[in-house]
Amino acid sequence: MGHSGCGVMPRRAYGEDRPEPVLLSMAKVEPEPLQWLWPGRIPAGTVSLLAGDPGQGKSLVALDIAARVTRGLPWPDAPDGEPAPQGIVVLVTGDDDLIMTVRPRLDAAGADPENVVEFSAVSWRNGQGSQRFNLSRHMAALETAMQFGSSVRLMVIDPVTAFLGKGEVGSDAAMHDILAPMAEMANRTGAAVLIVGHLNKKGAGPVVQRPAGCTSLVAAARTVWAVAPDLEHPERHLLLPVKANLSALGDGLAYRIVPSADRPSVARVEWEPARVALTASEALASVAGRPPTERQAAAAWLREVLAPGPMLVSDVAKEAVRCGLAWATVRRARALVGIITRGVGYQGPRTWR
């Protein structure tokens with residue numbers, strides 16, 4: 001009498017293709033101490049995520065971190081002035097102009113430009129030209145970039161969505177196929193990978209679900225940080241913890257976006273020494289429940305009006321008056337947006353970009 005629907009498959013059906021488990025005794029696994037790029041905040045050899053809304057200075061924060069690594073400068077929260085591990089930083093940057101934005105901001109942050117390498121395109125030796133770097137197609141090139149020199153300590157990808165193809169943003173399957181080898185690459189090289197991303201427009205819900213892209217991005221990152229406005233002190237911004245797999249969640253830090261001493265049109269980050277005992281969930285929930293300040297509203301307006309390209313400052317002023325905005329407020333909002341001022345010709349009119 002044969003089997004009748006009991007769900008037991010005859011052993012012979014597996015044949016020689018029957019899968020066998022691959023087992024490893026934990027006694028053969030040698031534990032290693034956790035290494036940090038920024039102690040308590042960014043582990044070495046892993047992927048971390050820094051997310052936030054526009055105008056909160058997340059790119060400036062990323063460049064400040066990069067600058068400290070290029071010279072081995074102390075971390076802003078180091079009680080004894082503990083320096084960053086000095087080495088090379090690979091910048092994978094897609095939104096900002098290298099000449100007018102990235103290099104001036106690195107200089108303002110005190111970076112050593114000799115220790116910064118920019119990577120945003122790939123080329124072929126057979127003469128097929130070059131094309132924009134794409135995370136899903138060119139992961140091998142990314143690892144080659146990580147091996148530039150002998151002391152790459154950090155790779156910054158800002159923003160990650162600039163290097164994704166159509167259909168990959170928001171796809172957990174596609175992002176998992178990208179982030180899994182990226183995490184393995186970071187582990188092999190020992191360098192930290194810092195991904196910079198945006199927050200989606202959902203004001204409510206858990207913060208871990210708000211980084212734009214998909215949940216795979218948050219899942220792959222060992223630490224996740226968010227930047228947010230300080231509603232009690234509008235001139236301040238907050239770097240706050242969202243997720244920490246390898247340590248306690250820890251406290252946040254406060255910073256201000258200030259003009260560079262040498263070039264007032266270039267912004268930089270100025271950290272405050274005190275810790276901030278506030279979570280990203282608490283801060284962003286407060287933001288969602290309160291209307292923007294006048295300066296935040298002016299910053300949003302500036303981003304919109306300057307999106308097509310540079311404008312004469314005089315034209316910006318006229319448009320601000322036409323829209324009912326105080327010119328003094330608009331000028332103060334420049335730091336939130338990272339406005340770059342340029343002159344047209346010799347002693348000519350000035351533009352904002």
Side-chain angles (χ1 to χ4, degrees), residues 52-67 70 91-114 116 118 120 156 158-159 162 196 198 227-230 233-237 254-272 292-353:
D53 288 323
Q56 298 305 316
K58 57 184 179 294
S59 292
L60 290 174
V61 169
L63 290 180
D64 180 87
I65 293 170
T70 65
L91 283 183
V92 187
T93 179
D95 280 357
D96 292 324
D97 182 89
L98 296 180
I99 297 174
M100 299 180 66
T101 304
V102 177
R103 176 61 194 271
R105 288 181 173 181
L106 283 169
D107 291 342
D112 179 357
E114 293 287 344
V116 183
E118 189 270 342
S120 60
V156 177
D158 181 15
V196 180
H198 304 296
V227 293
D230 184 344
H233 304 88
E235 72 282 0
R236 296 201 319 172
H237 307 265
Y255 60 94
R256 300 168 189 263
I257 300 175
V258 300
S260 169
D262 298 332
R263 299 180 64 181
S265 63
V266 179
R268 65 178 181 86
V269 167
E270 183 177 86
W271 296 95
E272 296 187 1
T293 65
E294 290 184 358
R295 191 170 65 152
Q296 290 168 342
W301 177 83
L302 270 176
R303 282 191 291 270
E304 181 177 350
V305 80
L306 294 178
M311 281 182 65
L312 291 172
V313 177
S314 57
D315 290 341
V316 177
K318 292 176 184 177
E319 187 66 13
V321 171
R322 190 184 70 81
C323 294
L325 296 172
W327 179 236
T329 302
V330 173
R331 287 177 60 87
R332 286 195 298 271
R334 287 179 299 172
L336 294 179
V337 185
I339 293 296
I340 297 172
T341 304
R342 286 286 184 272
V344 178
Y346 179 69
Q347 293 185 338
R350 303 183 74 77
T351 63
W352 280 0
R353 176 183 180 274

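Scope of the values below: all heavy atoms of this structure, side chains included, with no hydrogens, waters or symmetry mates.
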> In Å, rounded to the nearest 0.5 Å, how long is the span from CE of Met100 to OG of Ser265?
Replying inline: 9.0 Å
> Does some side-chain heavy atom of Trp352 sit less than 4.5 Å from a side-chain heavy atom of Leu312?
Replying inline: no
>> Less than 4.5 Å apart, side chain to side chain, heavy atoms only: is that true for Val156 and Val196?
In response: yes
> Salt-bridged, Glu270 to Arg256, with N to O below 4.0 Å?
Replying inline: no
> Can you find a pair of side-chain heavy atoms, one from Val305 and one from Glu319, that are under 4.5 Å apart?
Replying inline: yes
>> Could you report the tightest heavy-atom contact between Thr341 and Arg350, atom names first, then the distance?
In response: CG2-NE, 3.2 Å
> Sub-3.5 Å donor-acceptor pair from the side chain of Arg263 to the main-chain atoms of Ser260, do we have one?
Replying inline: no
> Which is it for Val102 and Asp97 under the side-chain contact (heavy atoms from CB on, under 4.5 Å) test, yes or no, and what are the steps along the way?
Replying inline: CA-CA 6 Å; Val102 177; Asp97 182 89; over 6 Å; no
> In Å and rounded to the nearest 0.5 Å, what is the CD to OH distance from Glu235 to Tyr255?
Replying inline: 13.0 Å
> What is the minimum heavy-atom distance between Gln56 and Pro229, and which atoms define it?
Replying inline: OE1-N, 3.2 Å
> His237 and side chain to side chain contact (heavy atoms under 4.5 Å, CB included): which partner among Ile257, Val227, Val61, Val269?
Replying inline: Ile257
> What residues, two or more places apart in sequence or in another chain, satisfy side chain to side chain contact (heavy atoms under 4.5 Å, CB included) together with Arg105?
Replying inline: Ser59, Leu60, Leu63, Asp96, Thr101, Val266
>> Please give me the minimum heavy-atom distance between Ala109 and Asp64, naming the atom from each residue.
In response: CB-CA, 4.3 Å
> Hey, are the side chains of Leu306 and Arg353 touching, using non-hydrogen atoms and a 4.5 Å cut-off?
Replying inline: no
>> Test of understanding: with ring-ring contact (aromatic ring centres under 6.0 Å, His included), list the residues that count as partners of Trp301, not counting sequence neighbours.
In response: none
>> Looking at every heavy atom in both Ala298 and Thr329, which two are closest together, and how far apart are they?
In response: CB-CG2, 4.0 Å
> Closest heavy-atom contact between Arg342 and Ile340?
Replying inline: NH1-CG2, 3.3 Å
> Would you say Leu91 and Leu106 make side-chain contact, with heavy atoms under 4.5 Å?
Replying inline: yes
>> For Ala67 versus Gly110, what's the shortest heavy-atom pair and its separation?
In response: CB-C, 4.2 Å
